[in-house]
Number of protein chains: 2
Amino acid sequence: MNILLIEDDKRISDFVLKGLQENGFNVHLSDNGVNAREHILSSEWDIILMDIMLPDIDGVELVKLIRYKKKNTPIIMLSALGDPEDKVNALDSGADDYLVKPFHFKELISRINALVRRTKLNYDKEQNIHQCGDITINTDEHKVLVNNKTIDLSPREYKLLLFLVENKNKVMPRTQILNNVWGINYDNNTNVVDVYISYLRNKMNLTSATLQTIVGTGYMLKDS
Amino acid sequence: MNILLIEDDKRISDFVLKGLQENGFNVHLSDNGVNAREHILSSEWDIILMDIMLPDIDGVELVKLIRYKKKNTPIIMLSALGDPEDKVNALDSGADDYLVKPFHFKELISRINALVRRTKLNYDKEQNIHQCGDITINTDEHKVLVNNKTIDLSPREYKLLLFLVENKNKVMPRTQILNNVWGINYDNNTNVVDVYISYLRNKMNLTSATLQTIVGTGYMLKDS
DNA sequence: AGTCACATGAATATCCTCCTGATAGAAGAT
DNA sequence: ATCTTCTATCAGGAGGATATTCATGTGACT
């Protein structure tokens, strides 16, 4: 799960970052509003944790911007301000939750889980998502992500990748790949599969540990 | 909006009930767990506000029961217990939010709104108004707006656009477009779809990032 | 009839994808 | 260690897909 943490106070961000990572979350840190905005608009996050007081942009304004841009990413505000007015203000601007510092770390984890659970209820039903390690394929949108970055693939590359993800952790012989991705049922001495595997490894920066070569047989995509 | 309030302390329930009603909510009160369970399982609620300490059933157990029964109704727990353990316990059992008494009424309203907003994101599609980014279609008036400017479309163009907006963020194969917009069920080697996509892009000034071409498949209208 | 808007198929240019075949390099066999 | 087999990668041409424009057909309305 990918979390964007927006926090300028290094003591706090160190603490939160470490704690989240220990709990198995994949966290990216932004320490200012401008940088955060870039990351929000260019990538897909499961959830955003945002300090309300940032050096350059007001957190509430940032939330409004995100919602204005039709981004529905879940947002939890973190703030030293415990005043009801501040809470109301943040929640009404589009944030989903508001947590007053200092907070207990366990509570943060539980609130993250609660919110993500609620969000996924809406989305996962409707979208067809395939995963394998860092790789995410959204077949509805025909979209491929590696570490939250969109990768452009040609139709054939896409079809091959999808086939490998659908059969992750299984060795796929060349013949079977040719059969399923190219529709070729006979052995015609081609090396297209090798070539396209190479394309994928390049475009997606896949190590040979992730997209393994099984010598004499074919290939296998490993789920970390 | 229909709210189920589960609270046995009459002083508090009076206060909350009155406040919610003044804010235009439609509220039903249950003052014990057994009665509440009946209402939860037999009716549809937009949101449930639940005291954690009830005379007959533990609130957390009630939440677990609701979730076990595959009811995804949003739940906010209200409790005098401010202990992190209690919060974690409640949230992890399936509650969406946790508010410690005494709370400010405005905060409760904001949290209710935030949660309902999050829950309804994908459900409340207004019948006559369709949106996608800058594009707004009012089917009652048969009117198309881009950035608040009216666009004149021919019947076929309109039908195609509406279909794409209704299926925004999903790749629509040419065959499916032909089927739904033209009523053609067989492949008759036509390029009308391409031509009309071109018309739309021109008339509406759509970038190829908004109305995307999915090479080898079809087209997709992207939100935001 | 004539005009107009619309729908459609065809034509063209452009761009991108796909595949082949060659070569270099890695892995495995003896 | 050497040879053989298998794999990785590259470059470039052929082919295919798409965008756009044009010409024709069709039906409604005047």
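Basis for what follows: all heavy atoms, side chains included, without hydrogens, waters or symmetry-related copies. Throughout, protein chains are lettered first and strands after them, A, B, ... in sequence-line order, and every chain is numbered starting at 1.
Note on B:Thr213: every side-chain N or O is 4.0 Å or more away from OP1 and OP2 of D:dA17. The phosphate of D:dT7 has OP1 or OP2 within less than 4.0 Å of a side-chain N or O from A:Arg174. Between B:Tyr219 and D:dA17, a side-chain N or O to OP1/OP2 separation shorter than 4.0 Å is absent. At D:dA19, none of the side-chain N or O atoms of B:Ser198 fall inside 4.0 Å of OP1 or OP2 (strictly under the cut-off). Put simply, B:Trp182 has a side-chain N or O that comes within less than 4.0 Å of OP1 or OP2 on C:dT8.
Each of A:Leu4, A:Ile76, A:Ile66 was compared with A:Met50 under the side chain to side chain contact (heavy atoms under 4.5 Å, CB included) criterion, and only A:Ile66 meets it.
From A:Glu7, atom CD reaches atom CG of A:Asp31 across 9.5 Å, with rounding to the nearest 0.5 Å. A distance of 10.0 Å separates CG in B:Asn26 from CE in B:Met1, rounded to the nearest 0.5 Å. How far CG of B:Leu153 is from CG of B:Leu200: 6.5 Å, rounded to the nearest 0.5 Å. The line from CG of A:Leu161 to CE of A:Met204 is 4.5 Å long, rounded to the nearest 0.5 Å.
Within the 3.5 Å criterion, the main-chain N or O of B:Gln176 finds a donor-acceptor partner in the side chain of B:Asn180. With B:Asn169 contributing its side chain and B:Asp223 its backbone, the two residues share a donor-acceptor pair below 3.5 Å. A donor-acceptor distance shorter than 3.5 angstrom exists from the side chain of A:Asp56 to the backbone of A:Val34, with no hydrogens or angles considered.
Atom CG of B:Leu200 is separated from atom C1' of D:dA19 by 14 Å (rounded to the nearest Å). Between the CG atom of A:Asp194 and the P atom of D:dC10 there is a distance of 14 Å, rounded to whole Å. Atom-to-atom, CD1 of B:Ile177 to C1' of D:dT18 comes out at 14 Å; the value is rounded to the nearest Å. Look at CG on B:Leu211: it is 13 Å from P on D:dT18, rounded to the nearest Å. The nearest whole Å value for the distance from the CD1 atom in B:Ile197 to the P atom in C:dT8 is 14 Å. A:Leu178 places its CG atom 12 Å from the C1' atom of C:dC19, with the value rounded to the nearest Å. In this structure, CD1 of B:Ile214 is placed 12 Å from P of C:dT17, rounded to the nearest angstrom. Atom CD in B:Glu157 sits about 14 Å away from atom P in D:dT20, given to the nearest Å.
Listed by chain and residue number, nothing satisfies the salt bridge (Lys or Arg N to Asp or Glu O under 4.0 Å) test with A:Lys149 (two or more places apart in sequence, or in another chain). Not counting sequence neighbours, A:Lys222 has no partner by the salt bridge (Lys or Arg N to Asp or Glu O under 4.0 Å) test.
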Please list, for nucleotides 24-29 of chain D, all pairs of protein and nucleotide N/O atoms separated by less than 3.5 Å.
none

Between protein and nucleotides 12-14 of chain D, what N or O pairs are separated by less than 3.5 Å?
none

Grab the N/O contacts between the protein and nucleotides 4-6 of chain C below 3.5 Å, and write none if there aren't any.
none

Would you tabulate the nitrogen or oxygen pairs shorter than 3.5 Å linking the protein to nucleotides 21-26 of chain C?
| unit_1 | atom_1 | unit_2 | atom_2 | d |
| --- | --- | --- | --- | --- |
| C:dG21 | O6 | A:Asn191 | ND2 | 3.4 |
| C:dA22 | N6 | A:Asn191 | ND2 | 3.4 |

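Atom NE2 of B:His28 sits in a crowded spot, with more than 12 heavy atoms from other residues, nucleotides or ligands closer than 6.0 Å.
Summary of the strand contacts: B:Val215 and B:Asn189 both lie near DNA chain C, and taking for each the nucleotide with the nearest heavy atom, the more 5' one is attributed to B:Asn189.
Under the 4.5 Å side-chain criterion, counting only non-hydrogen atoms from C-beta, A:Leu108 is in contact with A:Phe105.
The closest side-chain donor-acceptor pair between A:Asp140 and A:Asn128, if any, does not fall under 3.5 angstrom.
Under the 30°/60° scheme for interplanar angles, the aromatic rings of A:Phe103 and A:Phe15 are found to be tilted.
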